[in-house]
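Let me begin by presenting the structure, written as structure tokens, before commenting on it.
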Number of protein chains: 2
Amino acid sequence: MTARHEEIADALRRAIDREEYTVGSRLPAETELAAHYGVSRGTVRQAVAALTAEGLIGSRQGARRVVLASRRSQSFGELRSFAQWARAMGREATGRVVAQEFRPAAQEDSVRLQLPVGTRVLHVLRVRGLDGEPVLVERTVYADWISAAVAAIEPDCPSVTQRLYDDTGLVFAYGEHVIDAVACGAQDAELLGVRRTSPLLRVRRVTTTREGRPVEWSDDRYRSDAVSFSVHNSIDNNALARKTAE
Amino acid sequence: MTARHEEIADALRRAIDREEYTVGSRLPAETELAAHYGVSRGTVRQAVAALTAEGLIGSRQGARRVVLASRRSQSFGELRSFAQWARAMGREATGRVVAQEFRPAAQEDSVRLQLPVGTRVLHVLRVRGLDGEPVLVERTVYADWISAAVAAIEPDCPSVTQRLYDDTGLVFAYGEHVIDAVACGAQDAELLGVRRTSPLLRVRRVTTTREGRPVEWSDDRYRSDAVSFSVHNSIDNNALARKTAE
DNA sequence: TTGCAGAACTTGTCTGAACAAGTTGACCCC
DNA sequence: GGGGTCAACTTGTTCAGACAAGTTCTGCAA
């Protein structure tokens, strides 16, 4: 099922995780790995390219590859889905819908979801927590073609992402995240159980399908004492960008 | 000098930028591009893989590649260097060193810079601004082997990154960024000219050389009304990760 | 012992070929 | 017109080989 180069990438990741290759040590040469797994050098290169993009190993022409880090970053699924993320950490995701309403799309919705102004979109306000303790207020707007499936979900469903995949086969493939900080307002203070004006980490994001069609956009506010985000970047692979206001 | 696949990737990026291929339209097939540029299919695949990783185009087996976005994200240089970033936006980076001091490395410095505890490291506190308006307080710790070069730089140098490259040939290649929100303290309030307790966006980062050797680590606090960060992610390429406190 | 030159090694780039697997559109039948 | 089937097209995966370019280590000479 899975491609051979993915199997090899996984094998290498696991070897790094169990410290068969320690941080700072050198990986075997491509030709050695190719012989070991019984594949061509090109296939090995596909595998190590994946690890390089993840920042696990460093690579320079002429020198052996070096292990840079051991803990591997989350999968896209864990980033996209609050519930998947919680489960991976061994905690339980909780959550409930506070308000839910159909509205005609405003200018902002129209731009982000690539829909005509006035299209019936679904606004949902959710509070989500870890083991019952609230850490996140989520204000999401769903595109019209998926909103019926979302509205049918029970209010305390722990994983909306999983539910949409089961019901409709929808897969989230791309995401754009804009991160800044805001002061906590009155409603958020009550929902999260923190003082007003305390700092919150805000993540505004748009998620799209594999074809590039926007599914939802959301304004998420995290308690900054509970959650942070990390980004790994390199000279070859640059996902993070700094932006000015406006 | 530059590899053929990079030239082709650049050509495609430019073509997308000048809307020769518009958002939503389909790219030519690999075989067509290969014939057009006079290279093999493998070389074309290397080029389009780069654009896919940048999120410019989407890709599914069997279907033509689709243009997803036109504006391309910043280079790593622009992310790493405040001055480079400002220049790219047509604004002037300003800045000054508020305090600078050699200290023996504490536990935290030792872990992040992979140096023995007690090594003489250089602490620098800088305020940086756009066109004279302060937007960022930067607390940076430099490893011992680079600190002499840093200490020799004049206090109001607009681009430390550029200066270090010119003087020592040092190139920053990898970066790990942890992002959260904090309330503004008394010192930061005065330096940035904002009210105490107003929310600041904090980015803690470690930058390393191509070989994976840590050069510096820094605690940067941005006025959240002036600067935000954006991250582009996909199912194949996931640089962003969510973390809990501790 | 030190420093330099060169050999051996390793990754980067590129080719051309073949087959697998998924998508799209045209065509035909009902 | 509607629906289903199939062929043509397109991307994904893999192979084997070749050369370029950079690094590392060895051994020799000063």
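Throughout, a chain's letter reflects where its sequence line sits, starting with A, and its residues are numbered from 1.
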Could you tell me how far apart [X] ([atom1]) and [N] ([atom2]) are, to the nearest whole angstrom?
X     : N      : atom1 : atom2 : result
A:I57 : C:dT10 : CD1   : C1'   : 14 Å
A:R64 : D:dT24 : CZ    : C1'   : 11 Å
B:Q46 : C:dG12 : CD    : P     : 10 Å
B:L27 : D:dT10 : CG    : C1'   : 13 Å
A:E6  : D:dT13 : CD    : C1'   : 11 Å
B:R4  : C:dT15 : CZ    : C1'   : 14 Å
A:Y37 : D:dT13 : OH    : P     : 18 Å
B:R45 : C:dG16 : CZ    : C1'   : 15 Å

Any donor-acceptor pair under 3.5 Å joining the side chain of B:R41 to the base of D:dG12? yes
Can you tell whether the side chains of B:E216 and B:R205 come within less than 4.0 Å, N to carboxylate O? yes
N-O pairing of B:R14 and B:E20 below 4.0 Å: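 Salt bridge flag = no for B:E20 with B:R14.
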Consider the side chain of [X], meaning its heavy atoms from C-beta on, and name the nucleotide among [options] that approaches it most closely.
X     : options                : answer
B:Q61 : C:dT24, D:dG12, C:dG12 : D:dG12
B:T43 : C:dT11, C:dC14, D:dT11 : C:dC14
B:R26 : D:dT13, C:dT11, C:dT24 : C:dT24
B:R65 : D:dG12, C:dT15, D:dT10 : D:dG12
B:R60 : C:dT23, D:dT11, C:dG12 : C:dT23
B:S40 : C:dC14, C:dA21, D:dA20 : C:dC14
A:E30 : D:dC15, C:dG12, D:dT11 : C:dG12

Taken to the nearest 0.5 Å, the spacing of B:S147 OG from B:Q100 CD works out to 9.5 Å
Under 4.0 Å between any heavy atoms, over every strand shown, what does A:T31 touch: base, sugar-phosphate, or nothing? Just pick one. nothing
Which residue pairs satisfy the salt bridge (Lys or Arg N to Asp or Glu O under 4.0 Å) criterion with at least one member in residues 110-119 of chain A, sequence neighbours excluded? A:E108-A:R112
